[in-house]
Amino acid sequence: MLRIGGRPLPVVGRARMYVCGITPYDTTHLGHAATFVWADVAARVLRHLGVEVDVCRNVTDVDDVLDAAAARAGARFDSFAAVQQFRFDRDMAALGVRRPTYEPRAHVHVRQVVTLAAALLENSAAYRRGGTVYFRGAGVPERAGLDPAAARTLAVEFGERLDDDREDPADVVLWRAAGPGEPAWPSPWGEGRPGWHAECAAMSLTTLGPALDLHVGGADLRFPHHAYEAAMAEAVTGVTPFARAWLHVGTVQVDGQKMAKSAGNLVLVSDVLESWSAAVLRLLLIDRPWAQPWDYRPAALEEAAARLHRLYSAASHGVGEDTSAAAEAVTAALLDDLDVPAALAVAEDAGGPAARMALSVLGLA
């Protein structure tokens, strides 16, 4: 049985996995890639156990940042997003990340966000101010282990607009009245656009139903995004918990600073793949505890290449040997919180079938 975050995650027959996807306004950097490769590893390990996995990976193509990038490029938001999505898909294919079962796009699910907002208004979990609908978020920061000041700081960092007439600073937008020139859609409250957290809640509920087995996303999205997404879903369905387990993948940093466009320190997947194989980059991303933040160093690619060579060499030996115990040890390590380093250590030492199985399950073969 797979354990995530120290807790068992029993699955009978089929697993429902939601992966927080990209906002397609720029090409894929290593921070993005780490999240999606780890999601792929989790799905592969579950399939190794004989579990069918439905993976839903959304595309947030209704977003202020995307609108701004499209405007700078002189393009419509949807056509601009489609080009960036093509580049992202190309990077994921190169890294061996399997296509998701479902790939909902926010602009196709606006009607579902309206339905979600209306239902939350009906049960008093939301309220209206003019053409904007707010979700009552009191208690969400505390549930996420944050005091009000820390929660407010994180909300502002992620673009939450707090200079309005919401009842409580912890409340967030479900549906926002559109500003001049913004893409907008009709609603019972006038022309507007969905809130970010509501988009993911609506896409997840629509695609996978009222609860998830595993939710995957970057650790930086834990609050406010994931906390409010879960709170909205639970408030509308009454089903708790929204996700039985969370895979919050550690951030990729450069010299201790989070890799981000705003920091000017992006390392793009496409650039790395000009000099290194996809298997080397994939190994670099997963040969560590999944929750651990880490600093990217170009020299680490050389180290990953050397380790991959040793693993391939080990896999070529012991073709006829019975290494079932080693194969079981590889599987046990992967089931123990996706402990890839431990699994690869066994594989490299044992070689043969155990190494080949590890490389196959982890998408490195």
Side-chain angles (χ1 to χ4, degrees), residues 1-20 34-57 96-98 100-101 143-145 204 208-223 226-227 229-230 233-234 239-252 282-283 285-294 311 323-350 354-355 357-364:
M1 182 189 304
L2 178 62
R3 296 174 66 84
I4 295 291
R7 296 181 179 181
L9 182 65
V11 178
V12 179
R14 183 179 297 273
R16 299 152 300 169
M17 180 189 302
Y18 186 82
V19 183
C20 248
T35 294
F36 304 125
V37 170
W38 271 114
D40 185 64
V41 167
R44 286 171 179 265
V45 169
L46 285 168
R47 292 185 181 112
H48 179 60
L49 295 178
V51 175
E52 293 185 50
V53 186
D54 288 334
V55 178
C56 175
R57 188 181 69 209
V97 174
R98 295 178 179 177
T101 317
R143 175 177 162 181
S204 176
L208 296 178
L212 307 169
D213 295 298
L214 181 61
H215 194 305
V216 185
D220 55 330
L221 299 181
R222 187 190 306 267
F223 187 92
H226 292 161
E229 175 196 355
E234 291 173 0
V239 176
T240 58
F242 168 61
R244 298 170 59 217
W246 294 82
L247 199 72
H248 282 123
V249 178
T251 55
V252 182
R282 185 175 173 107
L283 179 60
L285 296 174
I286 64 174
D287 193 7
R288 63 191 72 253
W290 56 263
Q292 175 183 295
W294 56 280
L311 286 163
T323 57
S324 57
E328 290 173 3
V330 168
T331 297
L334 293 176
L335 295 183
D336 186 12
D337 216 11
L338 303 176
D339 192 345
V340 171
L344 292 180
V346 173
E348 187 175 337
D349 182 62
M357 184 193 76
L359 290 167
S360 176
V361 172
L362 294 173
L364 296 169

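Just so you know, residue 1 is the first one in the sequence shown, and it goes up from there.
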Heavy-atom pair of closest approach, residues Arg288 and Trp38: O-CZ2, 3.2 Å

Ion pair check, Arg244 and Asp213, cut-off under 4.0 Å: yes

Test item: Leu46 and Met17 side chains (from C-beta on) under 4.5 Å apart, heavy atoms: yes

Atom pair NE2 (His215) and CG (Leu208), whose distance is rounded to the nearest 0.5 Å: 10.0 Å

Euclidean distance, Leu359 CG relative to Leu344 CG, rounded to 0.5 Å: 7.5 Å

Whether Asp337 side chain and Gly5 backbone form a donor-acceptor pair below 3.5 Å: yes

Gap between atom SG of Cys56 and atom CZ of Arg16 - 0.5 Å precision: 12.5 Å

Contact summary for Val330 and Ala347, nearest pair of heavy atoms: CG2-N, 4.1 Å

Sidechain-backbone polar pair: Arg282 side chain, Leu362 backbone, donor-acceptor under 3.5 Å: yes

Check: Gly250 main-chain N/O paired with Gln292 side-chain donor or acceptor under 3.5 Å: no

Asp40 side chain vs Arg98 backbone, donor-acceptor pair below 3.5 Å: yes

Spacing of Thr101 atom OG1 and Asp54 atom CG [to the nearest 0.5 Å]: 5.0 Å

Which atom of Ala327 lies closest to which atom of Ala354, heavy atoms considered: N-CB, 3.7 Å

Aromatic ring pairing Trp246/His248, orientation class (parallel under 30°, perpendicular over 60°, tilted between): parallel

